[in-house]
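Here's the structure, in structure tokens; my notes come after.
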Amino acid sequence: MKKWNMASWALILILALGVPAVQAQQQKDPRLNPPVAPLPPISPGESTSRSAPDDPAPPQNAVKPDESPLSGAEAFTLGTSSGARSYLAPSIRYTQFADNSGRSAISSTNNEWRTVGSMVGNLSLQRLTARSQFGLDYSGGSMLFSTVGTSRAVFHRLGISEHLNFRRVTLLLADSMTYLPESSFGGGGFGGISTGILGGMGNSGIGTGGLSGGLGSGLSGGLGGGLIPGIAPNQSIVTGFGRRISNTALGQIQYAIGPRASLTASGSFGLLRFLDSGFISSNNYQFMAGYDYKLNKADSIALTYGLSMLRFSGITQSANFHQVHVSYGRRLTGRMALQLSGGPQFGQFDNPVSGSSSRISWSARSSLIVNFRNSDLSLNYSHTASAGSGVLVGADADRVDVSLSKQLTRMWNGGVVGGFAHNHSIRQLNAGSAERTVNTWHSGFHLERPLTRQAKLSFVYNVTGQSANNPVGCTGVTCGRLPLRHQLALVLSWGFGPYAID
């Protein structure tokens, strides 16, 4: 096994050094004659500054403004490419990484370093017509080998989305499913895995696809900018190995009252199921209705009412949260997208031990995307009530995610990411139990360069940490304690196409 791992690392280094040398005999710079690429929307996880620093900036009219409603479920983007077309794009990725979690992924002691190889395949489809935008994105792969343990983790992601545009009505139908062996927050061996719906739902991770070789560039290159926080099941508490299925189904309708005003209504159902013991499975039903008004070409305001209903498998506790949000949005196409939203939250709780109760609190969410000359910045914050990530019976969750990407040279680009999540158990759902707090954080960076017209090489580092004030004697995965986890990786990826389709 060790000989095989040494050979794998050597193979990657040979390809990294040898392929560019061969290419140099054919052309001086593989970026001078890049392949024809699709023109997907500019999403938060995708740099809009791939050109050389001394190249002229693209014309402003090359990007269509983002028209998603401020009171809807979709997050703002920098806009969509005006020349987008229908295409099919397959890709594969091989990753060799070192991870210090070893056999002790759910223990605080006796960690061992392991080397792991994985292979991931991806297929993206985008179909555009006069009235619709359809996207499908599938990724799947497996760990090929590991120097610690014999288990071979398998992971899958499937996202489907359809936008239908009529004279006054816009419909959105979407669904996403993931099967993962552990939480995707901060990496967990699978950094950069999005939920595969509308550009990723705001999941954080290494932008190159992370240590697993990456499961996500978002749905079909990102027909949207992700979903606002709180729609997809929360998995911001890292638990080590714990197989899980997550699914989110969404429907939304927008009706234009006039040139400036519109009404929006949406409904979603999210579930999180664990296939291993020691976790709490949950359902989340959400409904939103809002009124949008455009102040001018760039600025808009909205008033939104939302209802979130949390239910738990095998547990009789339940919670309903009513929210009223006042929102402000500002969009400068191709340059900046800002969303600010917040307001009071009224919670109703049903607990067989303590009986029915209620509370008044608050919720908020905000996001900022800025495109500079040759770099991109993304910043997100949210304070929402969640089901507890399979560890807590309901939690008040604060989360911050930040990413910065930059074109370093003509051949190299890089980026840094970071995230922090604070989960505090909801007292009304945990009567008789000590209040628990779990703090999770991660940070990392990546460097990336092309090898050929279809291949590229990435270097990735990620570190994740977690602490918790648990009751005395609490042990196991549900306590939330985890040691510091370091991950290093070399990633080789190959893209084919894109192939235009009618």
Side-chain angles (χ1 to χ4, degrees), residues 38-46 64-90 122-140 156-178 194-203 215-228 231-233 246-256 262-271 284-290 292 497-502:
L39 298 172
I42 301 170
S43 59
E46 179 183 11
K64 292 182 179 179
D66 178 13
E67 298 293 342
S68 57
L70 181 59
S71 63
E74 294 179 271
F76 280 2
T77 72
L78 294 179
T80 59
S81 300
S82 58
R85 63 180 186 270
S86 301
Y87 70 90
L88 178 68
N122 175 263
L123 181 65
S124 296
L125 169 68
Q126 178 172 283
R127 174 71 173 172
L128 303 180
T129 66
R131 292 190 178 274
S132 70
Q133 297 174 316
F134 173 80
L136 181 147
D137 198 29
Y138 168 76
S139 294
H156 298 277
R157 175 179 59 82
L158 175 64
I160 302 175
S161 174
E162 176 102 34
H163 286 79
L164 298 172
N165 302 301
F166 303 97
R167 183 177 179 182
R168 287 180 174 267
V169 176
T170 301
L171 296 177
L172 167 63
L173 301 174
D175 189 86
S176 170
M177 186 279 294
T178 62
S194 75
T195 52
I197 183 174
L198 301 172
M201 289 187 174
N203 285 331
L215 290 188
S217 58
L219 178 58
S220 298
L223 288 178
L227 297 184
I228 59 176
I231 299 257
S246 176
N247 191 86
T248 303
L250 169 71
Q252 177 177 292
I253 181 171
Q254 179 188 9
Y255 177 77
S262 65
L263 296 174
T264 304
S266 65
S268 65
F269 169 68
L271 64 85
N284 187 7
Y285 306 85
Q286 296 206 45
F287 305 93
M288 293 192 303
D292 286 73
Y499 304 104
I501 57 177
D502 295 330

In chain order, what residues pass the side chain to side chain contact (heavy atoms under 4.5 Å, CB included) check against D66, with sequence neighbours excluded?
S68, F76, T77, R331
In chain order, what residues pass the side chain to side chain donor-acceptor pair (under 3.5 Å) check against S262, with sequence neighbours excluded?
Q254
Measure from the side-chain N and O atoms of R131 to the backbone N and O of L164, and report whether any donor-acceptor pair falls under 3.5 Å.
no
Residues in side chain to side chain contact (heavy atoms under 4.5 Å, CB included) contact with L173, at least two apart in sequence or another chain
none
May I ask you to decide if Y138's main-chain N or O and N122's side chain share a donor-acceptor pair within less than 3.5 Å?
yes
Rounded to the nearest 0.5 Å, the CG atom of L123 sits from the CG atom of L88 at a distance of 5.0 Å
Write down the atom of S71, the atom of M288, and the distance for their closest heavy-atom approach.
O-CE, 4.3 Å
Say you draw a straight line from OG1 of T248 to CG of D175; how long is it, rounded to the nearest 0.5 Å?
7.5 Å
On a heavy-atom basis, which atom in A500 and which in R85 lie closest, and how many Å separate them?
CB-NE, 4.3 Å
Name all residues meeting the side chain to side chain contact (heavy atoms under 4.5 Å, CB included) criterion together with I253; count only those two or more places apart in sequence or in a different chain, and write none if there are none.
V169, L171, A265
When rounded to the nearest 0.5 angstrom, what is the spacing between CG in L227 and OG in S176?
9.0 Å
If I take atom OG from residue S124 and atom CG from residue L136, how far apart are they, to the nearest 0.5 angstrom?
8.0 Å
In sequence, state the C-alpha distance, the side-chain angles, and the governing distance for L125 and F134, and then conclude on side chain to side chain contact (heavy atoms under 4.5 Å, CB included).
CA-CA 8 Å; L125 169 68; F134 173 80; 4.0 Å; yes
Could you state the interatomic distance from CZ (R168) to CG (L263), rounded to the nearest 0.5 Å?
11.0 Å
Can you check whether P233's main-chain N or O pairs, donor with acceptor, with N284's side chain at less than 3.5 Å?
no
Which residues satisfy the ring-ring contact (aromatic ring centres under 6.0 Å, His included) test with Y285, sequence neighbours excluded?
F269
Taking the side chain as everything from C-beta on, heavy atoms only, tell me whether N165 gets closer than 4.5 Å to E67.
no
Any side-chain heavy atom of P90 sitting closer than 4.5 Å to one from Y499?
yes
Kindly compute the distance separating CG (D292) from OG1 (T264), expressed to the nearest 0.5 Å.
5.0 Å
Check whether E74 reaches the backbone of P69 with its side chain - one donor and one acceptor, N or O, closer than 3.5 Å.
no
Backbone N/O of G72 and side chain of Q252: donor-acceptor pair under 3.5 Å:
no
